[in-house]
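Start at 1 and go down the list; that is how both ligands and their atoms are numbered.
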Amino acid sequence: MLVSGNEILSKANQEGYGVGAFNFVNFEMLKSIFETAHEVSSPLIIQASEGAIKYMGLESVVGMVRIFASQYPHIPVALHLDHGTSFESCKRAIEAGFTSVMIDASHHCFDENLAMSKQVVKYAHSFGVSVEAELGRLQGIEDNISVDEKDATLVNPQEAEIFVRETQVDFLAPAIGTSHGAFKFKGEPKLDFERLQEVKRLTNIPLVLHGASAIPQNVAQSFLESGGDLKGSKGVPFEFLQEAIRGGINKINTDTDLRIAFIAEVRKVANANNSEFDLRKFFTPAMDAVKAVIKERMQLLGSANKI
Ligand code: PH4
Ligand code: ZN
């Protein structure tokens with residue numbers, strides 16, 4: 001059943017567990033996500049970025065998610081716009097049937113971010129749609145970074161308190177040192193958990209971790225064995241994800257891990273038989289690999305058996 005993101009995340013916030021928010025760009029990814037949620041009885045946040053919407057078409061995104069949601073009526077599902085860049089983009093998604101949106105105005109100044117987020121909240125809440133916003137910049141933090149540099153990049157907890165009170169956003173993504181993609185840390189992985197705890201203490205709403213892929217060892221290895229190159233890749237370690245949940249994170253954005261797992265299998269089939277052209281021969285093992293990653297993650301974050 002399609003529900004607002006609030007319905008899924010306020011329960012996660014009260015009970016102290018995390019819910020993976022999985023990005024998709026095609027039928028195969030979406031099918032893998034739904035089938036795994038069904039298998040482990042997990043609530044679901046499905047997300048599509050503006051790029052994914054451009055690729056699939058807005059109506060197709062909503063239509064596909066609605067069809068799968070109706071096949072699994074016992075699973076609470078939120079369809080979330082990931083990194084919406086404008087009020088218009090959020091409005092279009094809401095009109096089309098998204099039940100949750102992110103307005104990402106984090107690259108604007110604080111006042112502009114606040115004003116844009118407020119505008120989206122006013123519109124979205126009138127349709128029962130939840131809203132996520134972001135504070136700070138998604139960027140790795142180095143060991144030798146100065147306090148000033150850290151403050152310029154990461155979320156400011158006092159600003160977070162004002163921001164949440166003024167905008168009434170439902171969830172906040174505080175920058176604490178993660179970044180998108182497969183290369184998150186130059187040295188040892190490092191996140192600012194103290195800052196996270198302070199944001200939670202001052203806001204007490206569900207918090208979101210972007211750039212939360214772990215690049216699990218077995219997935220990276222499989223990519224390598226397929227002939228892929230991921231030299232220097234580093235994700236967020238599993239124990240960091242658990243500590244982040246203890247610090248107040250409830251929505252854990254996951255995209256890169258799924259992409260890597262999928263493509264490794266596609267390449268293996270291509271390598272093994274260069275006269276193969278039946279798409280199903282490529283995508284069936286790819287979906288199995290993606291499902292294994294999602295299953296491990298749902299269990300680790302604590303959303304399994306929460307339906
Ligand atoms: N996201 C996913 C962003 C995907 O434009 P696009 O479709 O490439 O955008 O919001 C994440 O936070 C994913 O984090 P990850 O890279 O660690 O999986
Ligand atoms: Zn993100």
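Excluding waters, the count of protein N/O/S atoms less than 2.8 Å from the Zn ion (ligand 2) comes to 3.
The residues lining ligand 1, counting any heavy atom closer than 4.0 Å, are Asn23, Ser49, Asp82, His83, His180, Gly181, Lys184, His210, Gly211, Ala212, Ser213, Asn253, Thr254, Asp255, Thr256, Arg259.
In terms of heavy atoms, His210 sits closest to Asp82 at CE1-OD1, 3.5 Å. The two atoms that bring Ala175 and Thr153 nearest to each other are CB-O, 4.1 Å, heavy atoms only.
A perpendicular orientation is assigned to the rings of His180 and His83, their planes being inclined by more than 60° (bins at 30° and 60°). Ring-plane geometry between Phe87 and Tyr123 is classed as perpendicular, the angle between the planes exceeding 60 degrees on a 0 to 90 degree scale with a lower cut at 30. Between Phe240 and Phe193, the ring-plane angle classifies as perpendicular under the 30° and 60° cut-offs. In this structure, His38 and Tyr72 have tilted ring planes: the angle between them lies in the 30° to 60° band.
Judged by distance alone, the side chain of Ser70 and the main-chain N or O of Ile67 form a donor-acceptor pair under 3.5 Å.
A cation-pi arrangement is present between Arg267 and Phe223 under the rule of less than 6.0 angstrom and at most 45 degrees off the ring axis.
Of the candidates Glu39, Glu296, Glu35, Glu265, Lys291 forms a salt bridge (Lys or Arg N to Asp or Glu O under 4.0 Å) with just one, namely Glu35.
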